[in-house]
**Q** 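Below are the structure tokens for one structure; questions will follow.
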There are 2 protein chains.
Amino acid sequence: MTIENISSNKSFEGWHKQYQHQSSSLNCAMRFAIYLPPQASEQKVPVLYWLSGLTCTDENFMQKAGAMRMAAELGVAIVAPDTSPRGVGVADAADGSYDLGLGAGFYLNATQAPWKSHYHMYDYVVNELPELIEQHFPVNTKRAIAGHSMGGHGALTIGLRNPERYQSISAFSPIVNPINCPWGQKAFEHYLGKNRDEWLQYDACELLKNTKAKLPILVDQGTSDSFLDEQLKPQALIDVASAQQYPLTLRMQAGYDHSYYFIASFIEAHLKFHFKHLTA
Amino acid sequence: MTIENISSNKSFEGWHKQYQHQSSSLNCAMRFAIYLPPQASEQKVPVLYWLSGLTCTDENFMQKAGAMRMAAELGVAIVAPDTSPRGVGVADAADGSYDLGLGAGFYLNATQAPWKSHYHMYDYVVNELPELIEQHFPVNTKRAIAGHSMGGHGALTIGLRNPERYQSISAFSPIVNPINCPWGQKAFEHYLGKNRDEWLQYDACELLKNTKAKLPILVDQGTSDSFLDEQLKPQALIDVASAQQYPLTLRMQAGYDHSYYFIASFIEAHLKFHFKHLTA
């Protein structure tokens, strides 16, 4: 597996770099970004995988979250993949809508045409990307996973299904119960078909009901998020976690919205949370 | 003078807000952004004016610099104007080049057609904008000024010409000697005409030769900045400051480039520098 460096910026004494590679899971060329803290020049560091939300690429989090300062202080690498397959021949929503197709991979393996030829973001994030990262960069195999909105859904579902691969999970404004909200229902029907039994494996609330592992989870949710009531519904996750006595902390943050200004305000707490578990 | 709020995001317990207003200096509608730290809900706070570089708007710094964390901790407001007049009837470069016209106001008062009808960013930043800010927001009259690249040129020249209006000046990667670099020569010839005597009032090195005031200046410059040798030439500023025994600190930062990753890496130091002088 080869990767091609396409940009490098020194940042907080470490390096932000973008790479391009041919993905076998997604059957197309993909770009990802990595932040390597200064400690990585002398030792192997743990990795936080960040999954972004609808319409994003590898760039949004790296440019807007203000995460590198604390990543550099703690000595944690951050890897940000794109949010869907891209390029010539990759299907997009017929009507150009932002919540299906390009930029909206939902971190699942699609089973329906035309999506099934490329939309395998679940396999890419769980297997191919970490393998690539651990082959090419000075990182160890301690991993954490986090994300925002659709990426919060991705972090929760991937973390809950693969507790042996991660030390901790966190999310900002996640879609916690996609089978019961418009974004999730639309995406799952297109990518997975009409059989709702197939949807359950990608729903954080459903997975939390059945998991035996107890990977710690931290969630921050703004009370002024315009998607709160229709799409995000954090109470559903609180209810399941409470019934399961699951180690989940969900903080409602007064006045904050769905933007990266919200993420930036609390990313330090998330990095410290992951660092504690990555180095425990 | 009325202003219209067009966005609000809670950020680090304070607020990032964008406003639109009709500018009398620029003779067009203008947008600016302000970050109000949490302290501003209880007391008047000092203000750092941030001037962005070529192609930027009010958004680049607010989204990418990671400045709000420390502004919230210190209790400093930040105001970011656009980088040129905009809108219907505002002249742009005939060939669409990025370094003249829209997004390239160079913080001066143009005297040549077609620019002279709108391009008065100097007046806007020195007089109109602070008046507006001090009328509408809980700020005091302690001001600092900073900027990046073309905005570093703006901060240096505006600060040096108006030492009674500011407490301190800082810049990242500034154009310190525009009369002797391609960006400056192109802009000044178009905006100010061929008489080079008219250019001197907008050249930081020339101004530093003649100023009696000793407003403290902090400059950070990356050694891997691709514009370093042809456009930025920091040694010219160092030489003049040294000859004048001017209180300027210019730090060459090894390996950093011209991007916002560089700015983010050192913005905390700039905010602390300004805070010290704003509250002295």
Side-chain angles (χ1 to χ4, degrees), chain A residues 7-18 33-38 41 56 58-73 78 80 172-173 220-226 228 251-272, chain B residues 7-18 33-38 41 56 58-73 78 80 172-173 220-226 228 251-272:
Chain A
S7 83
S8 295
N9 309 92
K10 193 168 179 180
S11 177
F12 289 94
E13 297 298 300
W15 289 90
H16 168 265
K17 291 169 182 264
Q18 289 174 296
I34 184 167
Y35 178 66
L36 288 166
S41 64
C56 291
D58 65 293
E59 294 188 334
N60 303 67
F61 179 80
M62 293 299 194
Q63 293 181 353
K64 296 182 174 178
M68 297 179 199
R69 181 186 61 88
M70 187 50 57
E73 185 173 322
I78 302 174
F172 290 85
S173 333
D220 276 313
Q221 172 62 58
T223 63
S224 297
D225 187 324
S226 56
L228 183 59
R251 311 187 298 187
M252 296 302 293
Q253 301 287 6
Y256 286 89
D257 61 22
H258 202 66
S259 72
Y260 265 90
Y261 295 109
F262 169 49
I263 296 172
S265 298
F266 296 98
I267 193 68
E268 176 173 333
H270 284 240
L271 284 161
K272 287 178 171 171
Chain B
S7 82
S8 296
N9 311 92
K10 194 169 181 181
S11 178
F12 289 95
E13 297 298 300
W15 289 91
H16 168 264
K17 292 170 183 264
Q18 289 173 297
I34 185 168
Y35 177 68
L36 289 166
S41 63
C56 291
D58 65 294
E59 294 188 334
N60 303 65
F61 180 79
M62 293 299 194
Q63 293 181 353
K64 295 182 174 178
M68 298 179 198
R69 180 186 62 87
M70 187 49 57
E73 185 173 321
I78 303 174
F172 290 84
S173 333
D220 276 312
Q221 172 63 57
T223 64
S224 297
D225 188 323
S226 56
L228 182 58
R251 311 187 297 188
M252 296 302 293
Q253 301 287 5
Y256 287 89
D257 61 22
H258 201 66
S259 71
Y260 266 90
Y261 295 110
F262 169 48
I263 297 172
S265 298
F266 296 98
I267 193 67
E268 176 173 333
H270 284 239
L271 285 161
K272 287 178 171 171

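So you know, we letter chains A, B, ... as the sequences are listed, proteins then strands, and number each from 1.
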**Q** Minimum heavy-atom separation for S259(A) and N9(B), please, with both atom names.
**A** OG-ND2, 3.7 Å

**Q** Given a strict heavy-atom distance threshold of 4.5 Å, which part of S224(A) is in contact with chain B: side chain, backbone, both, or neither?
**A**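 Neither part.
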
**Q** Please look at M62(A) and chain B and tell me whether the side chain, the backbone, both or neither of the residue comes under 4.5 angstrom of a heavy atom of that chain.
**A** both

**Q** Looking at G255(A), S8(A), A65(A), A67(A), which makes the most heavy-atom pairs under 4.5 Å with chain B?
**A**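 Top count of heavy-atom pairs under 4.5 Å with chain B: G255(A).
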
**Q** With heavy-atom distances below 4.5 Å as the criterion, would you say the side chains of R69(A) and R69(B) are in contact?
**A**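 They are in side-chain contact.
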
**Q** Can you tell me which portion of Y260(A) sits under 4.5 Å from chain B's heavy atoms? Options are side chain, backbone, both or neither.
**A**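 Nothing of Y260(A), per the 4.5 Å heavy-atom cut-off to chain B.
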
**Q** For each of Y261(A), F266(A), F262(A), tally heavy-atom pairs with chain B at distances under 4.5 Å, and name the one with the top tally.
**A** Y261(A)

**Q** Non-hydrogen atoms of chain A under 4.5 Å away: do they reach the side chain of E13(B), the backbone, both or neither?
**A** both

**Q** Just by distance, do the side chain of K10(A) and the backbone of A254(B) share a donor-acceptor pair under 3.5 Å?
**A** yes

